[in-house]
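A short write-up of the structure that comes next.
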Number of protein chains: 2
Amino acid sequence: MSDIARRADVSRQALYLHFATRAELLIATTFYVDEINRSDERLEASRAARSGVERLDAFIDAWGGYIPEIYSLARAMLAMSDTDEAAREAWAKRMRDMREGCEAAIVALEHDGKLNPEHSRDQATDLLWTFLSVRTWEHLTIDCGWSQERYTETTKKIARQMFLVENGGD
Amino acid sequence: MSDIARRADVSRQALYLHFATRAELLIATTFYVDEINRSDERLEASRAARSGVERLDAFIDAWGGYIPEIYSLARAMLAMSDTDEAAREAWAKRMRDMREGCEAAIVALEHDGKLNPEHSRDQATDLLWTFLSVRTWEHLTIDCGWSQERYTETTKKIARQMFLVENGGD
DNA sequence: CTGTTGCTTGACACAGTGTCAATTGACAGG
DNA sequence: CCTGTCAATTGACACTGTGTCAAGCAACAG
């Protein structure tokens, strides 16, 4: 809080006039960051896609490309979630919203008759949700040293490999 | 530290006679837990496997089954890694060791001529490493509500689906 | 001139980690 | 029996970080 106050050129106590706790400040920051990054517009492309495969690719590009923008904040929120119930719930809600995007992509595949019957809709959604989690991104880019581009391309490839009933195009 | 001391029926200061910092205590605990859980024996089965597919399955069973045993400690280590360099390095080393198990399973597949050429050895290793990470286990079992059994079975299934050149048996 | 608003300074409480000094009790060896 | 050592004890302290509180100040509107 001291660091933030200094960077914002206000007193530490002034922060508490606006945010009751550190967690609350962090949560408010997530909304602000979404706003300046126009997170909703980013996901527009995937909703506009015609085929299921297109939608899957577009969603992976959109969300996968968004993660690096929010990673620092995501880390802070995840760390906060260990001790703060409100932060945990706020982050969980954002992730549930993101899961809906995953589900919509899987449903689009299903609608095209292209969803691999090895996986139910729910299971495919859970798996896609996991591949696109911040932790998975963190592991592949930071621990494995993959570039951002390699991350999105490989994620698209394995998603097609796993979820498509016929391998539809690379 | 107070809590631990109380549970161990010693004074808080006695802990500092044995472990210089909280991080050091945590790191020492990981060695202890490995010892009482005979973590090396668990991975024996996968080394004994004849075919690559068998080895892959055995490794997923062994490591996947070990995660729940160490999860609390892993969480503590991961949280500590945010602030403590020694803890980060200790955890990273354990994970690098685990990655060798992943690589050995992938190499065994490769040796049988069964590794899907879509993925290089390194890439397949990184992906298997990611699927078997504590964070992925955490996401699937805790956030998605999967049972432990479902986690290992599904992980085996997607590993076969992704890494095997011909779908070899379910 | 006055009341309100938003911020300031400066103090404090509380929890947690890590340090230090003095003391105690057990135990082994001369 | 005395003595040194060792491991633990109690009790204090420093330092950091979060959150609270009170008093004061500057700007601004009516």
>> Using 30° and 60° as the class boundaries, would you call the ring planes of His119(B) and Phe163(B) parallel, tilted or perpendicular?
In response: perpendicular
> First and last nucleotide of DNA chain D touching chain A, 5' to 3', heavy-atom cut-off 4.0 Å?
Replying inline: dT18(D) to dC21(D)
> Over how many whole Å does the gap from Asp84(A) atom CG to dA15(C) atom C1' extend?
Replying inline: 16 Å
> Are the side chains of Gln161(A) and Gln161(B) in touch, meaning some heavy atoms are under 4.5 Å apart?
Replying inline: no
> So which one's nearest nucleotide on DNA chain C is more toward 5', Leu17(A) or Gln13(A)?
Replying inline: Leu17(A)
>> Rounding to an integer number of Å, can you tell me how far Arg6(A) CZ sits from dT9(C) P?
In response: 13 Å
>> Between Arg12(A) and Thr21(B), which residue's closest nucleotide on DNA chain C lies nearer the 5′ terminus?
In response: Arg12(A)
>> Is there a side-chain contact between His18(A) and the phosphate of dC7(C), meaning an N or O under 4.0 Å from OP1 or OP2?
In response: yes
> Taking CD1 from Ile4(B) and P from dG18(C), how many angstroms apart are they, rounded to a whole number?
Replying inline: 11 Å
>> For Glu149(B), is the CD atom crowded, meaning more than 12 foreign heavy atoms sit under 6.0 Å from it?
In response: no
>> Tell me whether Asn37(A) contacts the main-chain N or O of Ser39(A) through its side chain, where contact means a donor paired with an acceptor under 3.5 Å.
In response: no
>> Taking the side chain as everything from C-beta on, heavy atoms only, tell me whether Phe131(A) gets closer than 4.5 Å to Thr154(A).
In response: no
> Which ILVMFWY residues can you reach from Val10(B) by hopping between side chains whose heavy atoms are under 4.5 Å apart?
Replying inline: Met1(B), Ile4(B), Leu15(B), Tyr16(B), Phe19(B), Leu25(B)
>> Distance check needed: dG16(C) C1' versus Leu25(B) CG, whole Å only.
In response: 15 Å
> To the nearest Å, how far apart are Asp9(A) CG and dT8(C) C1'?
Replying inline: 14 Å
